[in-house]
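For reference, the structure is listed below as structure tokens.
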Amino acid sequence: MKPKRGNDNLVDHEEGFDSESKRRKVVEESSPSPPPIPIANPLAGLANYDDDEEEDENQWRRAEESSDRRVEQNGNGGDQQEDEDDEDEHEQGYSQGKRSREVERRRDCPYLDTVNRQVLDFDFEKFCSVSLSNLNVYACLVCGKYYQGRGKKSHAYTHSLEAGHHVYINLRTEQVYCLPDGYEIDDPSLDDIRHVLSPRFTKELVEQLDKNKQWSRALDGSDYLPGMVGLNNIKETDFVNVIIQSLMRVTPLRNFFLIPENYKHSKSLLVHRFGELTRKIWHSRNFKGQVSPHEFLQAVMKASKKRFRIGAQSDPVEFMSWLLNTLHSDLKTKKNRSIIYDCFQGELEVVKEIHNKALTEKKEYSNDQNAVSKLTGGGTELEAAVTETSRMPFLMLGLDLPPPPLFQDVMEKNIIPQVPLFNILKKFDGETITEVVRPRIARMRYRVTRLPQYIILHMRRFTKNNFFVEKNPTLVNFPVKNLELKDYIPLPTPKENEKLRSKYDLIANIVHDGKPDEGFYRVFVQRKSEELWYEMQDLHVSETLPQMVALSETYMQIYEQQQ
């Protein structure tokens with residue numbers, strides 16, 4: 001069976017061919033059909049958008065030979081399994097079978113003044129607006145829309161003729177072309193667009209981020225602080241936004257993800273999307289003063305199998321736990337270490353006391369009353385219990401709030417109780433008993449044996465049953481600076497030449513406002529360069545006083561260890 005581009009595609013032009021062309025055509029018709037598209041890359045057949053149909057056979061062969069190599073080099077999962085662009089091969093002077101074409105490079109493009117930076121937005125997924133393919137996608141720098149390919153039968157080429165828009169950038173290679181002329185534009189005035197498409201950070205620049213007090217200016221004239229930009233709430237995604245803003249204050253984690261070389265070995269799409277989002281938030285040359293986490297959310301939906309998705313409100317505590325564990329598993333080394341564990345992992349000693357019912361019942365029928373029970377403080381305590389002691393790592397600590405009062409006061413209003421943070425931290429002093437009923441009734445005692453560099457606390461405000469969700473309105477009084485844990489939690493003595501670091505400063509405080517099912521989340525974060533506090537709720541970013549941070553219904557906190 002002959003390929004699609006056989007006699008049918010060439011018969012209209014046959015009269016214009018010379019004898020040499022006819023001889024080539026006869027050889028071509030007698031040659032075997034091109035190899036099938038490799039199954040591992042089902043979208044490879046769409047690569048013909050990027051050039052004329054005459055070069056499809058070469059592209060098929062090249063895609064089959066280099067698909068595995070590209071996945072290893074990029075490590076970006078399915079999005080990066082694209083066919084290699086023509087321009088890479090043109091620049092290296094590869095032969096194209098029938099003909100060899102070189103892409104002309106010019107600096108004097110007459111259409112550069114048509115580039116409109118106001119409409120450019122690279123935060124959304126890189127899909128062609130016509131074919132919905134993610135292969136060889138170009139952005140029109142005049143209207144901001146995405147189109148596939150730049151060959152004569154591609155959507156970008158057609159758009160250049162229909163709309164009169166002539167300047168396009170390849171969203172992967174960052175090369176700029178003029179269509180329909182087809183030459184590459186080599187002009188340094190386009191470097192700012194490349195920086196917005198893919199922000200770049202050096203190690204020296206990363207080290208100076210927490211010392212930078214300079215504001216940046218967006219194209220619309222508004223000022224913004226790098227690292228303090230608002231995040232777009234796509235649809236009920238405020239639970240994601242507050243977690244992202246909180247993690248951006250964790251300096252080692254932020255610095256790790258600002259340098260892509262640190263995680264280039266990872267093939268996880270979630271890791272690379274989180275890195276891209278981190279670089280966009282801290283970039284000082286953005287065209288606008290906010291960032292949309294759209295691509296990151298798409299990666300979250302895919303990695304979590306739609307457990308967390310756009311349009312469905314979720315719990316920030318559950319999302320934080322899932323995100324940290326997933327990032328760790330995608331980044332961990334052979335020693336089971338990662339930047340996640342280096343920042344957040346601590347250790348608990350857990351003493352579990354389980355009552356043995358069979359032994360208890362046997363003792364109840366015994367004549368020896370002294371063996372059955374002992375009298376302590378006027379109450380009876382059964383001795384039939386099995387004690388288990390174990391050590392377990394943790395990434396966050398859950399704190400139990402006291403129940404709110406059931407009865408109203410004389411003003412017929414429920415008094416909102418308050419509790420100091422130190423009172424609920426006693427859960428981890430190794431003596432306070434916590435009753436649990438799942439998986440079986442037991443009495444638990446917890447003691448912190450190793451403190452992490454960053455400690456995450458979450459207050460259990462919500463209780464769920466079969467009918468509804470209840471919210472505990474108890475206010476927690478906590479210090480913003482100098483939280484000294486050793487005064488309330490017995491800590492192990494440090495090793496020789498080591499100092500006990502038990503003092504912490506608050507860097508992020510997530511709060512919940514409103515009813516359990518209808519509320520929303522916002523976050524207070526600290527800017528280290530000036531030690532100022534900012535309140536962030538999606539796109540709204542405003543400076544606030546440190547005293548205001550402690551006056552809200554806190555839900556999750558991140559404390560940083562003083563060095």
Side-chain angles (χ1 to χ4, degrees), residues 199-212 225-229 242-266 268 270-284 296 319-347 393-397 448 450-458 481 483 485 494 498-510 523-531 534 556-563:
R200 298 158 174 80
F201 287 86
T202 61
K203 291 184 178 180
E204 294 77 14
L205 185 61
V206 168
E207 291 173 358
Q208 298 297 320
L209 280 179
D210 287 333
K211 300 176 183 177
N212 177 37
L225 282 166
M228 294 289 171
V229 297
V242 293
I243 294 299
I244 294 172
Q245 297 286 17
S246 301
L247 292 178
M248 291 299 105
R249 315 307 137 197
V250 181
T251 304
L253 183 72
R254 177 202 67 189
N255 293 353
F256 177 86
F257 279 100
L258 286 177
I259 308 294
E261 286 74 20
N262 292 334
Y263 48 91
K264 63 182 180 181
H265 65 279
S266 175
S268 166
L270 182 72
V271 168
H272 290 274
R273 290 287 183 262
F274 186 77
E276 290 174 10
L277 182 59
T278 303
R279 294 195 297 276
K280 287 179 179 178
I281 289 175
W282 286 95
H283 190 44
S284 61
F296 174 70
F319 178 68
M320 173 76 93
S321 176
W322 174 86
L323 180 63
L324 294 182
N325 282 288
T326 306
L327 289 177
H328 165 72
S329 64
D330 293 340
L331 289 169
K332 66 182 177 183
T333 60
K334 292 181 179 178
K335 296 181 179 179
N336 199 32
R337 300 301 303 173
S338 71
I339 187 65
I340 304 297
Y341 275 15
D342 293 343
C343 291
F344 300 109
Q345 190 184 47
E347 190 179 69
F394 70 87
L395 291 178
M396 61 176 71
L397 296 176
V448 177
R450 191 179 79 243
L451 288 171
Q453 184 179 358
Y454 291 85
I455 188 166
I456 304 175
L457 306 176
H458 77 89
K481 291 186 76 71
L483 170 65
L485 291 181
E498 284 188 8
K499 185 180 178 182
L500 179 62
R501 294 189 174 94
S502 59
K503 206 173 262 191
Y504 285 80
D505 293 334
L506 185 69
I507 58 172
N509 181 38
I510 297 174
V523 62
F524 294 93
V525 298
Q526 186 189 40
R527 188 186 183 209
K528 284 190 176 180
S529 60
E530 297 173 324
E531 292 194 358
Y534 288 82
M556 181 188 289
Q557 298 175 325
I558 301 181
Y559 280 90
E560 181 182 27
Q561 194 177 56
Q562 290 184 3
Q563 298 300 316

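- With no hydrogens or angles considered, a side-chain donor-acceptor pair links Asp505 and Gln562 at under 3.5 Å.
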Criterion side chain to side chain contact (heavy atoms under 4.5 Å, CB included) on Met228 and Val525, from CA distance to verdict
CA-CA 9 Å; Met228 294 289 171; Val525 298; 3.9 Å; yes

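- No more than 12 heavy atoms of other residues, nucleotides or ligands shown are found within 6.0 angstrom of CD on Glu531.
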Between Phe296 and Ile244, is the side chain to side chain contact (heavy atoms under 4.5 Å, CB included) condition met? List the steps.
CA-CA 10 Å; Phe296 174 70; Ile244 294 172; 3.8 Å; yes

For the pair Ser338 and Leu327, evaluate side chain to side chain contact (heavy atoms under 4.5 Å, CB included) and give the outcome as yes or no after the intermediate values.
CA-CA 9 Å; Ser338 71; Leu327 289 177; over 6 Å; no

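- Of all the heavy atoms in Asn262 and His265, the pair that sits closest is O-CE1, 3.6 Å.
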Trace of the side chain to side chain contact (heavy atoms under 4.5 Å, CB included) decision for Phe344 with Met396
CA-CA 8 Å; Phe344 300 109; Met396 61 176 71; over 6 Å; no

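- Classification of the His272-Tyr263 ring pair by plane angle, with boundaries at 30° and 60°, yields perpendicular.
- To the nearest 0.5 angstrom, Glu560 atom CD is 7.0 Å from Gln453 atom CD.
- Between Met556 and Ile456, some side-chain heavy-atom pair lies under the 4.5 Å cut-off.
- Of the inter-residue distances, the one linking Ile339 atom CD1 with Thr333 atom OG1 reads 11.5 Å to the nearest 0.5 angstrom.
- Salt bridge present: Arg273 and Glu276 bring a charged side-chain N and a carboxylate O closer than 4.0 Å.
- Contact of the Leu451 side chain with the Tyr504 side chain is registered, since non-hydrogen atoms from C-beta on lie closer than 4.5 Å.
- Put simply, the side chain of Ile510 reaches to within 4.5 Å of the side chain of Ile243, judged on heavy atoms.
- In this structure, Leu395 and Tyr341 have side chains that are in contact, with non-hydrogen atoms separated by less than 4.5 Å.
- Considering CD1 of Ile507 and CD of Gln561, their distance stands at 12.0 Å, rounded to 0.5 Å.
- Residues Asn325 and Ile340 fail the side-chain proximity criterion, which asks for heavy atoms closer than 4.5 Å.
- For the pair Asp342/Arg337, a side-chain contact is recorded, criterion being any heavy-atom separation below 4.5 Å from C-beta on.
- The distance from atom CD1 of Ile455 to atom SG of Cys343, rounded to the nearest 0.5 Å, is 13.5 Å.
- In terms of heavy-atom proximity, Tyr559 sits nearest to Leu506 at CD2-N, 3.4 Å.
- The line from CD of Gln208 to NZ of Lys211 is 5.0 Å long, rounded to the nearest 0.5 Å.
- Put simply, the side chain of Leu483 does not reach to within 4.5 Å of the side chain of Gln557, judged on heavy atoms.
- Of the possible donor and acceptor atoms, none in the side chain of Ser502 sits under 3.5 Å from a partner among the backbone N and O of Leu485.
- Summarising the geometry of Pro452 relative to Phe394, their closest heavy-atom pair is CD-CZ, 4.0 Å, with the distance given to 0.1 Å.
- Looking at heavy atoms from C-beta onward, Arg450 lies in side-chain contact with Gln345 at the 4.5 angstrom threshold.
- Classification of the Phe274-Phe257 ring pair by plane angle, with boundaries at 30° and 60°, yields perpendicular.
- Atoms OG and CG, from Ser284 and Leu225 in turn, are 11.5 Å apart once rounded to the nearest 0.5 Å.
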For residues 246-254, dump all side-chain donor-acceptor pairs below 3.5 Å to protein atoms at least two apart in sequence or in another chain.
residue: Ser246; atom: OG; partner: Val242; partner atom: O; Å: 2.7
residue: Arg249; atom: NE; partner: Gln245; partner atom: O; Å: 2.8
residue: Arg249; atom: NH1; partner: Gly227; partner atom: O; Å: 3.0
residue: Arg249; atom: NH2; partner: Gly227; partner atom: O; Å: 2.9
residue: Arg249; atom: NH2; partner: Gln245; partner atom: O; Å: 3.4
residue: Arg249; atom: NH2; partner: Gln245; partner atom: OE1; Å: 3.0
residue: Thr251; atom: OG1; partner: Lys528; partner atom: NZ; Å: 2.9
residue: Arg254; atom: NH1; partner: Asp210; partner atom: OD1; Å: 2.9
residue: Arg254; atom: NH2; partner: Asp210; partner atom: OD2; Å: 3.3

